[in-house]
S.K.: 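Starting off with a structure, shown below.
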Amino acid sequence: MWAVSTVTMLVLAGILPDFQLQSADGDSATSIAITAALGAGAFGLLSAIFWPLLVRLLLLVPALVLGLLVFFLNGSLLIVALRLVPSGDSEAAPETAVIVAAVMSAVASATGAALAVRDDDAYRRRLYRLADRRRRALPPGPSSPGTVFLQLDGVGHDVLLDAVGKDLMPTVARWLGTSTSSVDGARPTHRPTHRLTPWRTDWSSQTGASQLGILHGSNHDVPAFRWYEKAGREVMVCNRPTSAAELQRRAVDRTGDRGLLTADGASRGNLFSGGADEQALVLSIATRRRSRENRSRAGYFAYFSDPANAVRTALSFVAEVGREIGQSTRARVRKVRPRVSRGGLYPLVRAFATVVERDVVVAAVMGDMLAGRTSVYADLVAYDEVAHHSGPCGRDAEKVLERLDRALALIEKVAEHAPRPYRIVVLSDHGQSPGETFRARYGLGLGDLVRAGCGLPVPRKAQRTHSGAEARAAVRAALRRPVEEGGEEYRPSRRRSEPLVLASGNLGLVSFPDVPHRMTKEEIDARHPALLTTLANHPGVGFVLVRSAEHGGLVLGAYGAEIPLGQLDDKPGPLEVFGPGPADAVRRTHSFPNAADIMVNSAYDPADGGEVLAFEEQIGSHGGLGGAQGKPFLLSPLAFTAPVDDGEDLVGAEQVHRVLRRWLRESNGPQVPLDAEPEERAA
């Protein structure tokens, strides 16, 4: 790499006018070459010595800013290196030094990749050398297998199968033992090592509810992505750090144990810790001050302490921003429908999710494996973020799946050098359903419809609903700006008589903050006689759930349909089109203390491509019932017992948690404490 850096420096000196390696009178070629060699060597030495220290100091600044400072830090080190060269003739303007240092690091990284055939292989070997030195000072690890759980956020079961069939995910195809020409039973080309199992989410088909249930065994009283709690007069939002911390605390209190990763576990890039001692980029601890118990930001240091990683990620970040701008421009020029706005800061949010978050989390997982940890759970949010804005089945989302498959292959190869065998489980927390937004189809949002039903004025230009994409929470935490929406949105006054309308994908929640209890249908009709009829009969609404003083829970549909929850099995009414399980899901949510006064699920037409109508600005959405959003997957090694018996369905995040706990016990390593199942302890 030293020789490559020397040549790169010579070339740049000949191209850039503000960068020179010779005096004004001119030097011999030999002198210039020696100067370049000394400069490159000094730059490399300074980077090796001072870069980790600089990065550790810069953990005091927002993590996203750290990635942007990479170029300027490299440039500063280059200026110092040139001044240390004995000839005294080399110099560079500060802005030129930034460019030169970035190009040198990028060329060195790319050259190393070419010599190693693949950059991932070179990166894996570098991590192995570092881990090997650390491992020599530690006692031998256990021989029992460790387990890595990789969550591909938002990737539905059918989307995964389609990607395998299109040869977009060869690693997954090899694990399943399938050919590229068939997925559903044709000739296998490899001996399968994994089984693929679909599972069914709860009504709240979103990361907050699913991951809380998977990691902590309980997602009780999480009715949506965001909801209003009358007792505390506060809006809870799953990807808000303070809300995530409170939800985790409630789950721990309910189940009686810390979570899935209690025994020698690591949590990477998740909303919740799962009880792990090792945590990085975990949202539920993002608001705490950095301490020995809070190492959430340590993942950034572990990754950016290597300048080659830092420059590679920074350049990839810029390339991804350009890719998003090009793709959104092409969609706008071609007038693709459906389409949502992808301007503003979105290109930066997408680049953070698909590059920075992915690189840092994957590096952390590989470090955990090389350190021999018993269990690791990591969330990769790249697909979910892109699918929200480009659609779950579009070419943009397919490209993300290809890159995620390469990350799986890299993690699989790292396992070859780990001090213990590893079993890799891949799963998703929900899928995504396509469809245009409710506002785009009908010209008004759910909040506008509710106001009209209440006889309140509807503003001419209604405010757009904020997106609930998980990547935005990671960006806000990295920038130390965790609040998603401002002021009154979070603590509406009880004096407010107007309804508060919140959206979670195609699930809407309507609450009346001035009423301290959950209102009944009779009370709502007395206050706003036209509201429930307006909602239930709107063509964009599938069904409405309310509490009735006479019938308990009541599902409302078009044409005056009113079905008590106890009769849904025999008379599903508007729930019939939603497939298996909606009656149980609705009944469970109705039992939650913080269910909204009115729960609204959008219309769903299985004959129309499985489309739903999002109440947020998303053309790929999740959060309610309807279509692929409720059908995620569980890809598990055959070495584990089957998740469920033949003919049975895997239903709910809490049941997935119990399956994962069982697999940890089967690995014969240090085990998660398990005296009773979570619901038994809660009882």
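This is a predicted model, so every value here is computed, not measured. The figures that follow rest on heavy atoms only: side chains count, while hydrogens, waters and symmetry mates do not.
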S.K.: Could you tell me if T207 and D153 have a donor-acceptor pair between their side chains, going purely by distance under 3.5 Å?
M.R.: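 Short answer, yes.
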S.K.: Strictly distance-based, threshold 3.5 Å: is any side-chain N or O of H430 a donor or acceptor partner for the main-chain N or O of G156?
M.R.: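 No.
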S.K.: Does S218 reach the main-chain N or O of A251 with its side chain, forming a donor-acceptor pair under 3.5 Å?
M.R.: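 Judged by distance alone, no pair lies under 3.5 Å.
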S.K.: Between R395 and K399, is any pair of side-chain heavy atoms under 4.5 Å apart?
M.R.: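 SC-SC contact between R395 and K399 confirmed.
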S.K.: After noting the C-alpha distance and the side-chain angles of D277 and R373, does the key distance pass the salt bridge (charged side-chain N to carboxylate O under 4.0 Å, His left out) rule?
M.R.: CA-CA 11 Å; D277 291 328; R373 302 204 186 284; over 6 Å; no
S.K.: Taking atom OG1 of T147 and atom CZ of R423, what is their separation to the nearest 0.5 Å?
M.R.: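 Answer rounded to 0.5 Å: 7.0 Å.
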S.K.: Considering only heavy atoms from C-beta outward, does the side chain of L212 approach that of R250 to under 4.5 Å?
M.R.: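 L212 does not reach R250 side chain to side chain.
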S.K.: Nearest 0.5 angstrom please: K413 NZ to M366 CE, how far?
M.R.: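 With rounding to 0.5 Å, NZ (K413) is 12.0 Å from CE (M366).
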S.K.: Answer whether the closest heavy-atom distance between the side chains of V222 and Q206 falls below 4.5 Å.
M.R.: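 Heavy-atom side-chain distance check passes, below 4.5 Å.
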S.K.: So do C393 and D162 actually touch side chain to side chain, heavy atoms under 4.5 Å?
M.R.: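 No, side chains not in contact.
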S.K.: So, do Y383 and R403 sit near enough that their side-chain heavy atoms are less than 4.5 Å apart?
M.R.: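 No. Closest side-chain heavy atoms not under 4.5 Å.
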S.K.: Using side-chain heavy atoms (C-beta onward) and a distance below 4.5 Å, is V164 in contact with L196?
M.R.: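 A side-chain contact under 4.5 Å is absent here.
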S.K.: Any side-chain donor-acceptor pair under 3.5 Å between Q151 and D429?
M.R.: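 Yes, because at least one side-chain N or O of Q151 sits under 3.5 Å from a partner of the opposite role on D429.
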S.K.: Mind checking what makes salt bridge (Lys or Arg N to Asp or Glu O under 4.0 Å) contact with R249, not counting sequence neighbours?
M.R.: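 If we apply the salt bridge (Lys or Arg N to Asp or Glu O under 4.0 Å) test to R249, skipping adjacent residues, the hits are E246, D253.
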S.K.: Got a second to check how far I214's CD1 is from R658's CZ, nearest 0.5 Å?
M.R.: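 Going from CD1 on I214 over to CZ on R658, the span is 12.5 Å.
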S.K.: Can you tell me how far apart CG (L660) and CZ (R665) are? Round to the nearest 0.5 Å.
M.R.: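 Between atom CG of L660 and atom CZ of R665 there are 11.0 Å.
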S.K.: Examine distances only and state if a side-chain atom of Q248 and a backbone atom of S273 form a donor-acceptor pair shorter than 3.5 Å.
M.R.: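 Present.
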S.K.: Can you give me the closest heavy-atom contact between P632 and S428, atom names plus distance?
M.R.: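 Shortest heavy-atom contact: CB-OG, 3.0 Å.
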S.K.: Quick one: CE on M369 to CD on E416, what's the gap to the nearest 0.5 Å?
M.R.: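 Here the rounded value is 9.5 Å.
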S.K.: According to salt bridge (Lys or Arg N to Asp or Glu O under 4.0 Å), who are the partners of D396, at least two apart in sequence or on a separate chain?
M.R.: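 Listed in chain order: R342.
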S.K.: For S205, give me all partners under side chain to side chain donor-acceptor pair (under 3.5 Å), at least two apart in sequence or on another chain.
M.R.: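 By the side chain to side chain donor-acceptor pair (under 3.5 Å) rule, S205 matches Q629.
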S.K.: Do P421 and P145 come close enough that some side-chain heavy atom pair is under 4.5 Å?
M.R.: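 Side-chain contact under 4.5 Å: yes.
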S.K.: Applying side-chain contact (heavy atoms from CB on, under 4.5 Å) to D257 and R661, what does each step give before you reach the verdict?
M.R.: CA-CA 12 Å; D257 68 70; R661 290 173 75 99; 3.6 Å; yes
S.K.: Let me see the working for L638 and T193 under side-chain contact (heavy atoms from CB on, under 4.5 Å), right down to the final yes or no.
M.R.: CA-CA 6 Å; L638 296 176; T193 60; 5.6 Å; no
S.K.: For P643, enumerate each residue passing the side chain to side chain contact (heavy atoms under 4.5 Å, CB included) test, keeping only those at least two apart in sequence or located in another chain.
M.R.: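 P643: side chain to side chain contact (heavy atoms under 4.5 Å, CB included) contacts with R195, T197, L634, S636, L650, V659, W663.
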S.K.: Per the ring-ring contact (aromatic ring centres under 6.0 Å, His included) rule, what does the pair list look like for residues 153-177, sequence neighbours excluded?
M.R.: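 As it turns out, the ring-ring contact (aromatic ring centres under 6.0 Å, His included) pairs with a partner in residues 153-177, which skip direct neighbours, are W175-H194.
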S.K.: Could I get the full list of side chain to side chain contact (heavy atoms under 4.5 Å, CB included) partners for V651, not counting sequence neighbours?
M.R.: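 Side chain to side chain contact (heavy atoms under 4.5 Å, CB included) list for V651, sorted by chain: R200, D649, Q655.
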S.K.: Would you call the rings of Y377 and F149 parallel, tilted or perpendicular, where under 30° means parallel and over 60° means perpendicular?
M.R.: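 Correct class here is tilted.
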S.K.: For the side chain of Q618 and the backbone of G505, is there at least one donor-acceptor N/O pair under 3.5 Å apart?
M.R.: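 Looks like no, no N/O pair under 3.5 Å.
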S.K.: Does L271 offer a backbone N or O that forms a donor-acceptor pair with the side chain of Q211 under 3.5 Å?
M.R.: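 Here the side-chain-to-backbone pair exists.
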S.K.: For R358, what residues pass the salt bridge (Lys or Arg N to Asp or Glu O under 4.0 Å) criterion, not counting sequence neighbours?
M.R.: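 Checked R358 against salt bridge (Lys or Arg N to Asp or Glu O under 4.0 Å); zero matches.
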S.K.: Sort out for me which residue in L150, L176, V425 forms a side chain to side chain contact (heavy atoms under 4.5 Å, CB included) with L635.
M.R.: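 Option passing the side chain to side chain contact (heavy atoms under 4.5 Å, CB included) with L635: L176.
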S.K.: Is there a donor-acceptor contact under 3.5 Å from the side chain of E320 to the main chain of R350?
M.R.: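 Between the backbone of R350 and the side chain of E320 there is no qualifying donor-acceptor contact (under 3.5 Å).
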S.K.: For residues P419 and L370, report the shortest heavy-atom separation together with the two atoms involved.
M.R.: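 Answer, listing the atom of P419 first, then L370: CD-O, 3.4 Å.
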S.K.: Where the side chain of S504 meets the backbone of R226, is there a donor-acceptor pair that is under 3.5 Å apart?
M.R.: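 Yes: the side chain of S504 pairs with the backbone of R226.
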S.K.: For the backbone of G213 and the side chain of N219, can you confirm whether one donor and one acceptor N or O come within less than 3.5 Å of each other?
M.R.: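 Checking the backbone N and O of G213 against the side chain of N219, no donor-acceptor pair under 3.5 Å is found.
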S.K.: Test of understanding: with side chain to side chain contact (heavy atoms under 4.5 Å, CB included), list the residues that count as partners of P170, not counting sequence neighbours.
M.R.: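 By the side chain to side chain contact (heavy atoms under 4.5 Å, CB included) rule, P170 matches D167, D405.
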S.K.: Work out which heavy atom in N270 is nearest to a heavy atom in A378; give both atom names and the distance.
M.R.: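 It is OD1-C, 3.7 Å.
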S.K.: My understanding is that only residues two or more places apart in sequence, or in another chain, count here; which of them pass side chain to side chain donor-acceptor pair (under 3.5 Å) with T641?
M.R.: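 T641 satisfies side chain to side chain donor-acceptor pair (under 3.5 Å) with R662, E666 only.
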S.K.: Can you tell me if T374 and R420 form a side-chain donor-acceptor pair at under 3.5 Å?
M.R.: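 Side chains of T374 and R420: pair found under 3.5 Å.
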S.K.: Starting at CG of L380, measure out to OG1 of T354 and round the result to the nearest 0.5 Å.
M.R.: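 Output value for this atom pair is 11.5 Å.
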S.K.: Decide side-chain contact (heavy atoms from CB on, under 4.5 Å) for S375 and L260; before the verdict, give the C-alpha distance in whole Å, the side-chain angles of both, and the deciding distance to 0.1 Å.
M.R.: CA-CA 9 Å; S375 57; L260 182 73; over 6 Å; no
S.K.: What residues, two or more places apart in sequence or in another chain, satisfy side chain to side chain donor-acceptor pair (under 3.5 Å) together with S433?
M.R.: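 Not a single residue meets the side chain to side chain donor-acceptor pair (under 3.5 Å) criterion with S433.
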S.K.: For A382, is there any backbone N or O sitting under 3.5 Å from a side-chain donor or acceptor partner on E357?
M.R.: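 Judged by distance alone, no pair lies under 3.5 Å.
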S.K.: Please list, chain by chain and in numerical order, all residues satisfying ring pair (Phe, Tyr, Trp, His ring centres under 6.0 Å) with Y422, sequence neighbours excluded.
M.R.: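 Y422 satisfies ring pair (Phe, Tyr, Trp, His ring centres under 6.0 Å) with no other residue.
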S.K.: What is the minimum heavy-atom distance between T255 and H216, and which atoms define it?
M.R.: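 Where T255 meets H216 most closely, the heavy atoms are CG2-O, 3.2 Å.
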S.K.: Can you sort out the partners of T201 under side chain to side chain donor-acceptor pair (under 3.5 Å), two or more places apart, ordered by chain and number?
M.R.: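 Expected list: none.
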S.K.: Heavy-atom distance under 4.5 Å between the side chains of I411 and V362, does that happen here?
M.R.: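 Yes. Closest side-chain heavy atoms under 4.5 Å.
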S.K.: For R268 and E278, what are the C-alpha separation, side-chain angles and deciding distance, and is it a side-chain contact (heavy atoms from CB on, under 4.5 Å)?
M.R.: CA-CA 8 Å; R268 310 300 188 187; E278 289 293 329; 3.9 Å; yes
S.K.: To check you understand the geometry: which heavy-atom pair defines the closest contact between V426 and F633, and what is its length?
M.R.: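 Looking at all heavy atoms of both residues, the closest pair is O-CE1, 3.5 Å.
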S.K.: So which heavy atom on G391 is nearest to which on A397, and how close?
M.R.: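 Nearest pair, atom of G391 first, then A397: O-CB, 3.6 Å.
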